[in-house]
Amino acid sequence: QLQLVESGGDLVQSGGSLRISCVASRFTRIAWFRQAPGKEREGVSCLGGTGVKTNYADSVKGRFTMFRDNAKNTAYLQMSNLKAEDTATYYCAADGDFGTDCSLSHTAYDYWGQGTQVTVSS
């Protein structure tokens, strides 16, 4: 079993920055997804099992950065130049595997956190 706990969601103004965190009971491939009301869950970013390779959705490239701190068993999503359309519940997900590549498809992940709310005011 693998536990994931997100935190750091907040209300921020458009153009602002925010960092959200995901504490994992152990590190494997890990990803961030988001879901806005009435919309499908969207893959935002992912980090391969070695913590080196990343993948980002086109909608966040150049604005979001995903990284992890092995000593703290924590993965982070640093979000900059936030837009109203970034408003969503953000979920951390992991697949229990150590492959170097990673996927932005929600079907690739077996373990999910409870989510943290990010709201961007325009």
Side-chain angles (χ1 to χ4, degrees):
Q1 193 68 306
L2 196 158
Q3 286 80 42
L4 303 165
V5 179
E6 304 98 330
S7 64
D10 205 347
L11 170 65
V12 296
Q13 289 189 336
S14 179
S17 298
L18 186 69
R19 178 182 292 181
I20 56 177
S21 305
C22 172
V23 178
S25 55
R26 56 186 175 90
F27 267 135
T28 64
R29 272 188 291 228
I30 197 163
W32 285 100
F33 289 80
R34 66 185 182 186
Q35 189 165 20
K39 294 188 176 181
E40 292 188 356
R41 190 164 295 194
E42 173 190 20
V44 175
S45 66
C46 62
L47 188 61
T50 59
V52 175
K53 292 193 72 173
T54 54
N55 196 8
Y56 295 94
D58 288 342
S59 58
V60 306
K61 280 180 181 176
R63 300 189 298 122
F64 291 10
T65 302
M66 183 176 182
F67 59 99
R68 76 186 197 192
D69 183 333
N70 291 336
K72 296 181 179 180
N73 267 15
T74 301
Y76 299 94
L77 185 66
Q78 177 68 47
M79 302 180 287
S80 302
N81 191 21
L82 282 161
K83 306 175 182 180
E85 52 263 42
D86 295 318
T87 295
T89 301
Y90 283 71
Y91 298 91
C92 181
D95 71 354
D97 199 353
F98 291 94
T100 54
D101 295 313
C102 62
S103 170
L104 291 179
S105 171
H106 68 90
T107 60
Y109 298 90
D110 299 314
Y111 305 96
W112 293 83
Q114 82 288 350
T116 188
Q117 179 66 37
V118 174
T119 303
V120 184
S121 63
S122 56

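We number each residue from 1, following the sequence as shown. Note that the structure is predicted; figures quoted are calculated from it, not measured.
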Considering all heavy atoms of both residues, which atom of Leu4 and which atom of Gln114 are nearest to each other, and what is their separation?
O-OE1, 3.9 Å

To the nearest 0.5 Å, tell me how far Arg41 CZ sits from Arg34 CZ.
13.0 Å

Could you tell me which non-hydrogen atom of Ile20 sits nearest to which non-hydrogen atom of Trp32, and how far apart they are?
CD1-CZ3, 3.5 Å

Value rounded to 0.5 Å, distance of CZ in Phe33 from CG in Leu77:
12.0 Å

Answer yes when Lys61 and Asp58 have at least one side-chain N-carboxylate O distance shorter than 4.0 Å, and no when they do not.
yes

Distance only, no hydrogens: is a donor on one side chain within 3.5 Å (strictly under) of an acceptor on the other, for Ser103 and Ser105?
no

Closest heavy-atom pair and its distance - Lys53, Thr100:
CB-O, 3.4 Å

Identify the two heavy atoms, one from Gly9 and one from Val118, that lie closest to each other, and give their separation to 0.1 Å.
CA-CG2, 4.2 Å

Enter the distance from Asn55:CG to Cys102:SG here, rounded to the nearest 0.5 Å.
5.0 Å

As an exercise, state the distance from CZ of Phe64 to OG of Ser17, rounded to the nearest 0.5 Å.
9.5 Å

Which of parallel (below 30°), tilted (30 to 60°) and perpendicular (above 60°) describes Trp112 and Tyr91?
perpendicular

Under 3.5 Å, is there a donor-acceptor pair linking the side chains of Glu85 and Ser59?
no

Taking the six-membered ring of Tyr76 (Phe, Tyr or Trp), confirm whether the NZ or CZ of Arg19 is under 6.0 Å from its centre and within 45° of its axis.
yes

Could you tell me the separation between the SG atom of Cys22 and the CG atom of Leu47, rounded to the nearest 0.5 Å?
11.0 Å

Between the CG atom in Asn81 and the CZ atom in Arg63, the distance rounded to the nearest 0.5 Å is 6.0 Å

